[in-house]
Structures are given as structure tokens and as C-alpha cells.
Amino acid sequence: MKHLFFFSFILLLNFTPTTLAQSSPSPTPSGPLNITAVLEKAGQFGTLIRLLKSTQVSDRINAQLNNSNQGLTLFAPTDNAFSTLKPGTLNSLSDQQKVSLVQFHVIPTFLSVSNFQTVSDPVLTQAGNGNGRYPLNVTTTGNSVNITTGIVNTTVGGTIYTDGQLAVYQVDSVLLPIDIFGPPAPAAAPAPAKAKKKSGSSTVSESPDSGKSDASGGVGLVNRRGVVVAGFLVAVIGFL
Ligand SMILES: *[C@@H]1O[C@H](CO)[C@@H](O)[C@H](O)[C@H]1NC(C)=O
Ligand SMILES: *[C@@H]1O[C@H](CO)[C@@H](O)[C@H](O)[C@H]1NC(C)=O
Ligand SMILES: *[C@@H]1O[C@H](CO)[C@@H](O)[C@H](O)[C@H]1NC(C)=O
């Protein structure tokens, strides 16, 4: 009797772990595509994952992946790539610039390695919002794919993930867009430049608000600075 009890106890012990082991692998891959889960699985993308989440770009990517069949390509800088940025680079960005920086790494179509051979420059990134800004260039030699932003040159390091709809490639440099990190636009020069500015209507048409404040140029500048400072504070607080 004692032996029988002991025997069934052993059976029970043996039985429980196997059922658990059998049931666990199936649910994981069958869910909707999740960009941060893909990166988490790959490891070494902690900073990128944090940026994707804090800017909510990951939510947009997941929505695009699961609600359209256009596909998407992500260039994923490693933690090491972020650590080689000049100190304070991320902290100096406004929230909007952080969004643009992350979206600069996203191409709103699926690009396989062989697609890179035929893609025509400049390649438009998600940060451009369809207005032609935030471009990057892709060149290939054999199987090696180079990316240049005008600030950074790098080579695509390897495929992290590809399924015909989503492609994630490792890059060993953060792709710094010229629209954020390039030389400052030749604006804000004193009196003579202001007179020149007025003749060109392109700056005024940006938004109705900026058109109004342009009448008194000084106020416009102060407002601009105020926005930049506020953005910086928000960025610092966000980072802390
Ligand atoms: C790509 O980059 C590598 C290393 O920087 C360089 O040797 C090669 O010439 C580049 N290829 C193209 C097509 O720019
Ligand atoms: C990207 O390619 C376009 C078209 O070839 C060229 O006009 C532009 O200067 C290039 N930009 C960079 C940053 O290499
Ligand atoms: C990137 O490559 C281009 C030509 O391939 C070169 O003119 C430029 O100086 C390079 N930029 C950097 C930052 O290495």
C-alpha cells in the first residue's frame, strides 16, 4: 500500500512537468507581430526598445504590421551603437525629434536583402511623413549594404528577423538624420536677412501661427527659443 502511494506520487511528479512543457511553446509565436518582442528576443537592443516604447513608435509599428500588408523594414542600432553616440545626444532632443529619430530607422515597406540592390535613392523613411524630408541612401556592393544619412555611414550588419512582411536588420551605428543633426539652417541672422526672408513665402506657409508672429520678428524668435527650452526640459524629465 505504501509502495503504491509512493509510486503514484512519482507518476504525478513526472506527469505535471511534461504537460507544462508541452503546452508552453505553442502560444508564443502565433500572436500578432510585436516589434519590441522581436527585438527583446534578439537581445542587445535595450536602448532601442526603450526609445520605441517612450516615443510610442512601437505602437504605430505594431498597428501597421497587423493592420496592413504593406510591410515594414527596421534598421535596429545595437546598444553598443547608442553607447558610441556623443554623450547627451539623446537628451538634447525634443520629444518630437526623438520620434523622428526612431522613425528615421523605419522604412514603410518590406525590403529583403535583394530588394536593396534595386531600391532607388533617396529612400524615404517614416520620419518624412511623405513630404520628402528625412531621406537616407542605400548602396550595395555584392552582398554588403551600406547606408548613408549624410552624417553617418554604416553597413547593414545582419538580419535579425524577416518573414516577408517585417524585416529587421542590425546596424552598428545610430542613423543620425541630417534634418536633426546637420548644420543649422541659415536662418535667424539679424536685420538684413529678415528683409530677404519676407520675400520668400515658403517659410510663412508652414503654419498659420508662424505666419502671424512673423510680423514682429523678435517675438517669433523668443517664442521659438521658449519652445526649444521647454522641449529640452521635457526631454530631460522624460529621460530621468
Ligand atoms: C560600403 O562601406 C564599406 C566600408 O565602409 C566600403 O569599403 C565600401 O566601399 C562601401 N560600398 C559602397 C557601395 O559604398
Ligand atoms: C542620396 O542620393 C541622392 C540621389 O542619388 C543624392 O542626390 C544625395 O546627395 C544623396 N545623399 C547623400 C546623403 O548621400
Ligand atoms: C561617408 O561616405 C561618403 C562617400 O562614400 C564620404 O564622402 C563621407 O565623408 C563619409 N562620411 C563619414 C561621416 O564617414
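Positions are given from 1 along the sequence. Counting convention: from 1, in listed order, for ligands and their atoms alike. Note that these values count all heavy atoms, side chains included, but never hydrogens, waters or copies made by symmetry.
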(Q) Is the distance from the ring center of F104 to that of F181 below 6.0 Å? (A) no
Q.
Test side-chain contact (heavy atoms from CB on, under 4.5 Å) on T55 and L101; report intermediate values, then the result.
A. CA-CA 10 Å; T55 57; L101 175 67; over 6 Å; no
Q. Shortest non-hydrogen contact from N146 to S144?
A. OD1-OG, 3.6 Å
Q.
Testing the 3.5 Å rule here: is there a donor-acceptor pair between the side chains of Q170 and D172?
A. yes
Q: Below 4.0 angstrom from a heavy atom of G150, which ligand 2 atoms are there? Numbered from 1 as shown, please.
A: 13 (C)
Q: Heavy-atom distances under 4.0 Å are what count here, so tell me which part of I151 touches ligand 3: side chain, backbone, both or neither.
A: backbone
Q) Does the side chain of T36 come under 3.5 Å of the side chain of N34 through a donor N or O and an acceptor N or O? A) yes
Q: Mark yes or no for whether S173, through its side chain, and L175, through its backbone, hold a donor-acceptor pair below 3.5 Å.
A: no
(Q) Does Q56 have more than 12 heavy atoms from other residues, nucleotides or ligands lying within 6.0 Å of its CD? (A) no
Quick check for students: name every N or O atom pair between ligand 1 and the protein closer than 3.5 Å, with distances.
from	atom 1	to	atom 2	distance (Å)
ligand 1	2 (O)	N146	OD1	3.2
ligand 1	2 (O)	N146	ND2	2.3
ligand 1	11 (N)	N146	ND2	2.8
ligand 1	14 (O)	T139	OG1	3.4
ligand 1	14 (O)	N146	ND2	3.2

